[in-house]
Amino acid sequence: MPIVTIVGAGVIGISWARLFAGAGWEVRVSDPRPDLEQALQGIDAAAVADLAEALRDADFVQENGPERMELKRTLLNAAAEHAKGDAILASSTSSLLPSALSEGNPAADRILVGHPFNPPELMPLVEIVPSPATSPEVVERAYAVYESLGRQPVRLKQEIRGFVGNRLQKVFAEQASYLVQQGIIEPGELDTLVRNSLGLRWATIGPFESRHLGGGPGGIRHLAANVGSQMNFENGMPDPALNEKVFESVEAAYGTGVDSYRELAERRDRRTRAILAALKEADEQED
Ligand SMILES: NC(=O)c1ccc[n+]([C@@H]2O[C@H](COP(=O)([O-])OP(=O)(O)OC[C@H]3O[C@@H](n4cnc5c(N)ncnc54)[C@H](O)[C@@H]3O)[C@@H](O)[C@H]2O)c1
């Protein structure tokens, strides 16, 4: 049975642990949090407080510590020292460059970013981001591991801060905040708008295919010359000084605190599962 060590058991690490365990891996989880055992309840995974011990003989390491460069470097150095000599060392980081994470690490050729979307056990995408030092063979092996977990890995050709998913998300989040700050729309209405248009569209076909279809038989060229020709306005950027107002209106729309979080996260996961099941069924009918 292959061994995975999950380093860091917060929102992301716990979900990876459940995913690997469900796929038949021996799962060890290391995190200094005092309630680690409790956090792993219902997951077939061992809580191992000592990091070196958790890493011993690991075939795969998924690092999910806090988003701090120095701490992540320390964790990856420990992984290089204690995991198997050919183990893949993957970081879940949302934006840090793998070349920076692996600086001075003797296992730099085995380090890459395996960036999930939250929660990794449900969201199919894993962005695989190699540094210039990452061996292509390691990228291939990481791809195969994530695929065997039922994920949809996508390989970036080169590293870039924020990778692809979060660069796109950043542009979108900035414009959404800008529109709320300008008094154009409330957050709840913006969410309704997106769920019933772009969100639904992008769950079925991506933005490029969508644009290509939007132009009719003339494709993306026709769309660019027609509708696109009038999209010549500046988007504008949100004012950081007005963020507090945006936060307040989001909290007013969705509530705060543990109970509200649990309820909303459950609804999110239920709906995500429903969409994934419906897409699977539609694709099976097509085959
Ligand atoms: N939350 C998201 O939506 C999301 C999505 C994709 C990727 N990520 C990335 O995943 C990583 C973890 O994010 P999160 O949201 O789970 O954060 P989190 O704060 O929920 O969890 C971080 C965990 O790291 C633990 N930790 C602290 N010091 C440690 C150490 N020395 N050794 C081991 N564990 C230690 C903490 O106790 C905590 O449980 C980050 O790099 C983040 O960028 C987060």
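One-based numbering along the sequence shown. Counting starts at 1 for both ligands and their atoms, in listed order.
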Identity and separation of the nearest protein heavy atom to [atom]:
atom                    : answer
atom 31 (N) of ligand 1 : L71 CD1, 3.7 Å
atom 26 (N) of ligand 1 : P66 CD, 3.6 Å
atom 3 (O) of ligand 1  : N118 CB, 3.4 Å
atom 41 (O) of ligand 1 : E67 OE1, 2.6 Å
atom 33 (C) of ligand 1 : P32 CD, 3.6 Å
atom 9 (C) of ligand 1  : S92 O, 3.3 Å
atom 21 (O) of ligand 1 : G10 CA, 3.3 Å

Looking at atom 24 (O) of ligand 1, is any protein heavy atom nearer than 4.0 Å to it? yes

Any non-hydrogen protein atom below 4.0 Å of atom 17 (O) of ligand 1? no

Heavy atoms only: which of [options] is nearest to [atom]?
atom                    : options             : value
atom 20 (O) of ligand 1 : V11, V29, D35, N166 : V11
atom 11 (C) of ligand 1 : G8, G65, P116       : G65
atom 8 (N) of ligand 1  : S94, A78, S91       : S94
atom 22 (C) of ligand 1 : D31, I12, N64       : N64

Taking [X] for its side chain and [Y] for its backbone only, find out whether a donor-acceptor pair lies under 3.5 Å.
X    : Y    : result
N64  : Q62  : yes
E63  : G8   : no
E53  : V48  : no
T192 : G188 : yes

Under a 4.0 Å threshold between the charged nitrogen and the carboxylate oxygen, would [Y] count as salt-bridged to [X]?
X    : Y    : result
E70  : R73  : yes
E284 : K280 : yes
E209 : R211 : no
R33  : D35  : yes
E67  : K72  : yes
R141 : E137 : yes
D59  : K84  : yes

What do we get for [X] next to ligand 1 when only non-hydrogen atoms under 4.0 Å count, side chain, backbone, both or neither?
X   : result
T74 : neither
S95 : neither
L75 : side chain

Check each atom of ligand 1 against the heavy atoms of [X] and keep those under 4.0 Å away; list them by number with element.
X    : value
S30  : 33 (C)
H115 : 6 (C), 7 (C)
K72  : 40 (C), 41 (O)

Any chance the rings of F60 and Y146 have centres within less than 6.0 Å? yes

